[in-house]
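Notes for the one structure printed next.
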2 protein chains.
Amino acid sequence: MKTIADIAVAAGVSKSTVSRVLNHRPGVNPQARARIQAIIDESHFTANMAAKNLKARHSDMVGVIVPLMTSKSVASFIHGMSAELESQHIQMLLMNTGMSTEKASDYVKILNSKGVDGMIVLVAGYDQQLIETLGGSQSPVVVVGQDLSMHQIPSVFYDDYRCGYMAGQQLLEQGCKRLLFLGISPMDVALGRQRRRGFEDALSMAGVQCHYVSDCVLFAESGMEKTRQVLAQGYIPDGIFGVTDRIAAGAAKAMTQAGIIPGQQVAIIGVGDDELCELLTPPLASVHYDHSEVGRQAAQVLFEAITGRTTERYAHIHQGHFHWRASCQLSES
Amino acid sequence: MKTIADIAVAAGVSKSTVSRVLNHRPGVNPQARARIQAIIDESHFTANMAAKNLKARHSDMVGVIVPLMTSKSVASFIHGMSAELESQHIQMLLMNTGMSTEKASDYVKILNSKGVDGMIVLVAGYDQQLIETLGGSQSPVVVVGQDLSMHQIPSVFYDDYRCGYMAGQQLLEQGCKRLLFLGISPMDVALGRQRRRGFEDALSMAGVQCHYVSDCVLFAESGMEKTRQVLAQGYIPDGIFGVTDRIAAGAAKAMTQAGIIPGQQVAIIGVGDDELCELLTPPLASVHYDHSEVGRQAAQVLFEAITGRTTERYAHIHQGHFHWRASCQLSES
DNA sequence: TTGTACGCGTTATCAT
DNA sequence: ATGATAACGCGTACAA
């Protein structure tokens with residue numbers, strides 16, 4: 001591993017001069033500059049970032065903590081974010097919690113010690129511990145997916161209440177009378193609680209009945225299983241809202257297998273507008289969110305926090321819109 | 001930002017002692033150790049990794065370069081890999097090329113300057129330039145998805161030839177007579193060339209006709225569009241092999257829309273065994289690969305390279321197996 | 001224009 | 001058991 005000292009002796013100059021060339025600073029004899037540059041190139045020299053960072057006291061890296069990689073929405077979020085980071089020549093240190101909030105706390109500490117310039121945390125379910133860790137972070141933090149603005153933590157999140165409300169409205173408009181809500185744990189405030197609240201409120205005036213399930217997990221398998229259980233209990237819904245596309249897709253599958261046809265005898269809505277929605281039969285109606293855009297926005301909010309432009313604004317809400325597809329109808333054929 | 005020097009004065013000891021406590025080294029008075037540890041804890045001290053790395057000459061980070069995030073297989077690959085890396089307390093610096101091979105080359109250099117201990121590169125399509133860059137990397141490189149072992153680059157890749165061969169065999173067994181191959185650019189040796197070769201060879205004895213398309217891209221939309229074009233030309237296949245699930249799913253959709261029913265009038269096979277296979281109607285037969293396992297393996301191969309255990313073995317092939325589902329049959333009903 | 005000398009925070013060596 | 005000191009590789013005042 002070469003150092004600038006090596007280059008310096010090879011070129012017969014001092015380290016300072018090499019450093020100046022490396023960083024394109026003025027004050028170097030053009031010929032000397034060319035000569036030194038040539039030596040740098042041919043010797044495959046690359047500056048040691050650890051030393052650079054130690055001196056500069058920043059790392060040009062941001063940490064990203066996600067709960068799960070194997071999800072399309074997380075993937076496109078990262079995609080959008082990485083594009084934005086790349087434009088600022090910032091690298092991304094990625095960590096995967098596997099849905100564990102304790103691990104998330106650990107990672108925040110590790111990232112801090114790594115000296116990241118900031119971090120973006122996708123949070124799915126939080127507790128007091130995590131909030132404290134996030135609040136106590138040395139480097140700026142932006143959370144995504146939950147609203148933690150009341151703790152003075154910049155948050156980019158989705159209009160989950162409105163999402164649930166829209167879904168409820170849509171199902172009512174289709175004339176559904178016996179609804180099924182497939183949600184996840186209330187530990188997840190956004191998906192678990194807000195979407196349910198919105199859904200409940202949409203229904204509150206209408207006086208239709210609804211069966212609530214709140215212990216799905218984020219896999220299609222789960223939506224399928226829970227739906228089967230509900231059917232086995234003798235509750236036959238004619239309208240289903242799954243808080244994610246995969247849960248909704250699982251429910252659709254279960255209904256189909258039970259001989260109740262989605263888009264005819266039961267209306268179904270998911271959330272996420274995943275690519276698979278279009279491929280299903282019938283295509284799955286869904287609330288669309290531009291996760292890639294959210295990723296960009298999160299990166300931008302983080303930049304503001306890093307560069308210290310004091311932002312009064314902690315809450316950055318992201319609107320979704322309903323994408324109608326054939327799964328969301330009832331026909332008496 | 002606190003340093004061990006700060007802790008040292010606060011505890012009334014020297015930096016050395018603090019360092020010893022920090023690294024759980026022997027040779028410290030138990031009482032002193034406890035006292036110092038207490039101060040460390042309460043002052044939210046975290047060691048500066050840049051300084052640590054500078055001294056230790058390694059970063060506990062590996063770089064990961066992927067062509068695209070928004071793909072399930074890449075996501076689960078990263079998932080498996082991150083689990084393995086995590087177990088070794090190694091962090092992951094992730095970069096996204098957006099399918100550009102030049103960018104991949106740039107990233108290799110950036111990662112080297114970041115001082116990563118090694119890197120894992122998912123390559124989809126390569127040229128001479130990239131091979132040279134990979135070969136000239138300061139830190140060990142493992143490539144995934146293509147076989148570059150002939151260039152003395154450790155490679156973890158799939159049995160793509162056999163994959164194509166299996167798909168061809170299956171379609172022949174179903175009695176298909178007019179086949180359609182939906183592939184991608186031969187730039188991608190694995191998916192583009194090997195899968196096609198295997199497919200061709202499986203067909204070679206049988207004397208059935210086959211229409212080859214080799215310019216799909218990795219989206220469902222693409223498979224759908226190409227299939228429509230083929231149909232418009234008057235070629236009506238009764239067997240389709242799409243080199244990825246998404247391409248195959250798109251093809252299935254196009255066929256369905258044309259009134260030709262998959263699983264009855266046309267047999268269809270994809271590759272990847274994506275979660276969506278099970279959700280489609282009919283469920284999509286697919287060649288299954290455990291990407292998560294490949295991720296683990298890639299990480300392990302990299303560890304060996306990093307720790308210098310000289311491996312003679314550059315090629316690590318990964319076997320897939322055919323997962324039959326209802327899309328892969330023809331019935332005369 | 002160029003070189004010298006010091007500091008960034010940590011660990012390792014060698015004294016004490 | 002503890003402390004002083006010298007590296008690690010780079011940038012940068014400051015001196016020449």
Side-chain angles (χ1 to χ4, degrees), chain A residues 1-37 39-40 43-61 89 109-117 138-139, chain B residues 1-37 39-40 43-61 89 109-117 138-139:
Chain A
M1 187 68 81
K2 294 201 162 301
T3 73
I4 56 172
D6 298 327
I7 304 293
V9 298
V13 295
S14 76
K15 294 189 300 177
S16 326
T17 308
V18 177
S19 175
R20 282 189 267 262
V21 172
L22 242 24
N23 298 288
H24 308 95
R25 309 196 93 80
V28 178
N29 183 305
Q31 301 158 35
R33 183 185 293 271
R35 187 165 47 84
I36 295 170
Q37 184 65 54
I39 296 181
I40 291 173
S43 60
H44 291 311
F45 169 84
T46 46
N48 178 317
M49 280 295 169
K52 247 187 145 91
N53 293 342
L54 178 58
K55 188 91 183 112
R57 340 195 73 211
H58 64 71
S59 60
D60 291 338
M61 294 189 303
H89 302 285
K109 289 170 194 160
I110 292 180
L111 287 175
N112 267 314
S113 81
K114 281 277 174 192
V116 295
D117 298 342
Q138 323 245 335
S139 58
Chain B
M1 187 69 83
K2 292 202 163 300
T3 75
I4 55 173
D6 298 327
I7 306 292
V9 299
V13 295
S14 76
K15 293 189 299 178
S16 320
T17 308
V18 177
S19 176
R20 282 189 265 263
V21 172
L22 242 24
N23 297 290
H24 307 96
R25 310 193 96 80
V28 177
N29 183 305
Q31 300 159 35
R33 186 185 292 272
R35 185 165 49 83
I36 296 170
Q37 184 64 55
I39 296 181
I40 290 172
S43 60
H44 292 310
F45 169 84
T46 46
N48 178 318
M49 283 293 169
K52 248 186 147 93
N53 294 341
L54 176 58
K55 192 95 182 101
R57 337 190 78 221
H58 63 70
S59 59
D60 291 339
M61 292 190 304
H89 302 284
K109 290 170 193 159
I110 293 179
L111 286 175
N112 268 314
S113 81
K114 282 278 174 192
V116 295
D117 298 342
Q138 322 245 334
S139 58

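Protein chains get the first letters and strands the later ones, always in sequence-line order, with residue 1 at the start of each.
Checked by atom type and distance alone, the side chain of B:S19 never pairs as donor or acceptor with a backbone atom of B:K15 at under 3.5 Å. A:S113 contributes no side-chain N or O that, together with a main-chain N or O of B:T46, makes up a donor-acceptor pair within less than 3.5 Å.
With contacts defined as side-chain heavy-atom distances shorter than 4.5 Å, the pair A:L54/B:K55 does not qualify. Counting heavy atoms from C-beta on, the side chains of A:T3 and A:D6 come closer than 4.5 Å. Between B:L22 and B:I40, some side-chain heavy-atom pair lies under the 4.5 Å cut-off. Here the side chains of B:V13 and B:R35 are in contact, with some heavy-atom distance below 4.5 Å. The side-chain heavy atoms of B:I39 and B:F45, taken from C-beta on, include no pair separated by under 4.5 Å. Counting heavy atoms from C-beta outward, B:K109 and B:N112 have side chains that stay 4.5 Å or more apart.
Taking atom NE2 of B:H58 as the reference point, atom P of D:dG9 lies 14 Å away to the nearest angstrom.
In this structure, B:P26 and B:L54 both approach DNA chain D, and ranking their closest nucleotides by distance from the 5' end singles out B:P26.
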note = Expected string for nucleotides 10-16 of chain D under the B/S/- scheme (protein heavy atoms, under 4.0 Å, primed atoms plus P, OP1, OP2 as sugar-phosphate) is BBB----

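Protein chain A contacts DNA chain C from C:dT1 to C:dG9, reading 5' to 3' and using non-hydrogen atoms of the protein with a distance under 4.0 Å.
Minimum interatomic distance between B:H89 and B:D60 (heavy atoms only, all atoms of both residues): O-CB, 4.1 Å. Annotation for B:M61 and B:K114: closest pair CE-O, 4.2 Å, computed over non-hydrogen atoms.
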inquiry  = If a pair means Watson-Crick or G-U wobble with both distances below 3.5 Å, what does DNA chain C look like in dot-bracket form, with | marking bases paired to a different strand?
reply    = ||||||||||||||||

